[in-house]
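Presented below is the structure to which this report refers.
Chain letters run A, B, ... following the sequence lines, proteins first and then strands; every chain starts at 1. What you see below is based on every heavy atom in this structure, not just the backbone, and it leaves out hydrogens, waters and symmetry mates.
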Protein chains: 2
Amino acid sequence: MKTTQIGNAWKGAERCENCAIRHLVLFSDLQKSDFDQIHQPIDDISYKPGSIVYGQSDHMEFVYTIRSGLVKLVQYLPDGNLRIVRILGQGELLGIESLNTQVAEHKAITLDPVQLCRIPHSVITLLQQNSPGIHNALIARWQKMLNMADLWITQLSTGKIRTRVSRLLLLLSKNSLDDTFYMPTREDIGNILGITTESASKVTAEFKRNGWLKLLENNHAQVDENKLEI
Amino acid sequence: MKTTQIGNAWKGAERCENCAIRHLVLFSDLQKSDFDQIHQPIDDISYKPGSIVYGQSDHMEFVYTIRSGLVKLVQYLPDGNLRIVRILGQGELLGIESLNTQVAEHKAITLDPVQLCRIPHSVITLLQQNSPGIHNALIARWQKMLNMADLWITQLSTGKIRTRVSRLLLLLSKNSLDDTFYMPTREDIGNILGITTESASKVTAEFKRNGWLKLLENNHAQVDENKLEI
DNA sequence: CGCGCAATTGAGTTATATCAAATACGGTGG
DNA sequence: CCACCGTATTTGATATAACTCAATTGCGCG
């Protein structure tokens, strides 16, 4: 299942300092001297779509920065049902909650090809003691996660199905760099919105017939932002 | 509306140090010397039920610790609809997001008689610079909020109405100190679960008929935890 | 080219919303 | 203390939305 290809592992964080997306990640505020403190290896790992990064209730010794790709966070209900509670993208942090509890609150599954940096908890702990800048970066991620959770409640769990699918597609579209975006499977759409796969399919098929939604290759899609109802 | 009775205002934080619920609040880890840094007044304010502590998008210069009572956080949708995204109780922090953005993400309304400590942002900022212990306290609150948000998504926005009402009542019951709990209005239950007031009423009325839910005076209630389906 | 999974579609059922009316309740003033 | 008023809650009948189940089609991959 977890078909990870361990790429460039290296000691310490020499390359973090020159990382192409450093401005987007946790270490954006750090100084040269801060990086010198880091002696544990920070690995750069590639995942195929559908890989499990970690499971709910897993004991965690790492957090993960998303370099590229999308990851869904899934939570299971006592009755076996599940709900996708967030989708995280570039620059966001996986397993942030485990920094305090050592335990993962969610199952994290990649949606498309994903590259992650795996950061040992001990690195974060060390930086927290010596590099005050890290605090704001962590808080910012907590805040973004909470905003997204609230959005999930108000926009994606409220109202008629057609409205909610619209909101989801618009959200995916806006968060994308170009005018196309990753189109989740109908099953995932169902688990994001708390509806059945069939209902998700009926609405997306209708949007396609109306020409408001166009499916492209590679699980991507494009929407007409003016036609979709909010 | 906002009928606040400003109670004991005082300079600095002499009384914070000896606060009866200090172990529950943001300042639990602070030392004597930390309190000496605080020179802005931290006011203790009482609110009647239904008072607006602050509005969505308000410019914020304070955060609020809940000394007692319950506060609902409400968010409005573009179409005027609303959803209650959280209910906060003793020891929790209102307006935590405004520490970074200066703007409130929610409207905060008291459910029952509430006592809050109003803490200027500047106090938190100061402590963040000089008293590292405050960071963990803040992170812990972010984490608790996020856990609650996820619970709202998975437990309270997923499944049939009867199940969701059950989960809500059980949740309220478990979070209560004694075996009774604050019973929200049917309208609030609707806005918590994303259902209509009538549906909320029909289910709660049914629970009452079955003897699984007993209404007490003072908007309190009691449930038979074994009978309510999860 | 065919296989297997994902997506779509349709018919029938069930759950929930809607609309309207009746009842219960709490607080206020006499 | 009681009657009254306004609001919250309950209830019922009906309309609509969503789910369920089953069958079919479409699509990517070997």
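- When heavy atoms are screened at a 4.0 angstrom cut-off, T185(B) is found touching the sugar-phosphate backbone but no base atom.
- Within 4.0 Å (heavy atoms only), K202(A) reaches at least one base atom of the nucleic acid.
- Taking the ring axis of F62(A) as reference, the NZ or CZ atom of R118(A) stays within 45° of it and closer than 6.0 Å to the ring centre.
- Between the CZ atom of R162(A) and the P atom of dA17(C) there is a distance of 16 Å, rounded to whole Å.
- As rounded to whole Å, 19 Å separates atom P of dA24(C) from atom CG of N219(B).
- When the P atom of dA6(C) is taken as reference, atom CG of N191(A) falls 13 Å away, rounded to whole Å.
- In this structure, the CG atom of L193(B) is 11 Å from the P atom of dT16(C), given to the nearest Å.
- Within 4.0 Å (heavy atoms only), T197(B) reaches no atom of the nucleic acid at all.
- Within the 4.5 Å cutoff, side-chain heavy atoms of I189(B) are placed close to those of T204(B).
- dA7(C) atom C1' lies 13 Å from atom CG of L213(A), rounded to whole Å.
- Atom-to-atom, CD of E206(B) to P of dT9(D) comes out at 18 Å; the value is rounded to the nearest Å.
- Comparing K160(A) and E198(A) along DNA chain C, the residue whose closest nucleotide (by nearest heavy atom) sits nearer the 5' end is E198(A).
- Under 4.0 angstrom from either OP1 or OP2 of dT9(D) there lies no side-chain N or O belonging to T204(B).
- The nearest whole Å value for the distance from the CD1 atom in I161(B) to the P atom in dT18(C) is 11 Å.
- In this structure, R209(B) reaches the sugar-phosphate backbone alone: every heavy-atom distance under 4.0 Å involves primed, P, OP1 or OP2 atoms, never a base.
- When all heavy atoms are compared, the tightest approach of I42(B) to P120(B) is CG1-CD, 4.2 Å.
- Atom CD1 in I195(A) sits about 6 Å away from atom P in dC19(D), given to the nearest Å.
- Mapping N218(A) and A200(A) onto DNA chain D by nearest heavy atom places A200(A) closer to the 5' end of the strand.
- Between the side chain of N210(B) and the backbone N or O of F207(B), no donor-acceptor pair lies under 3.5 Å.
- The phosphate of dA17(C) (OP1 or OP2) has a side-chain N or O of S199(B) nearer than 4.0 angstrom.
- The shortest distance between the side-chain N/O atoms of R186(A) and the OP1/OP2 oxygens of dA7(C) is below 4.0 Å.
- Residue S201(B) places no side-chain N or O under 4.0 Å from the OP1 or OP2 atom of dT9(D).
- Residues D150(A) and R86(B) are paired through a salt bridge, judged by an N-O separation under 4.0 Å between the basic side chain and the carboxylate.
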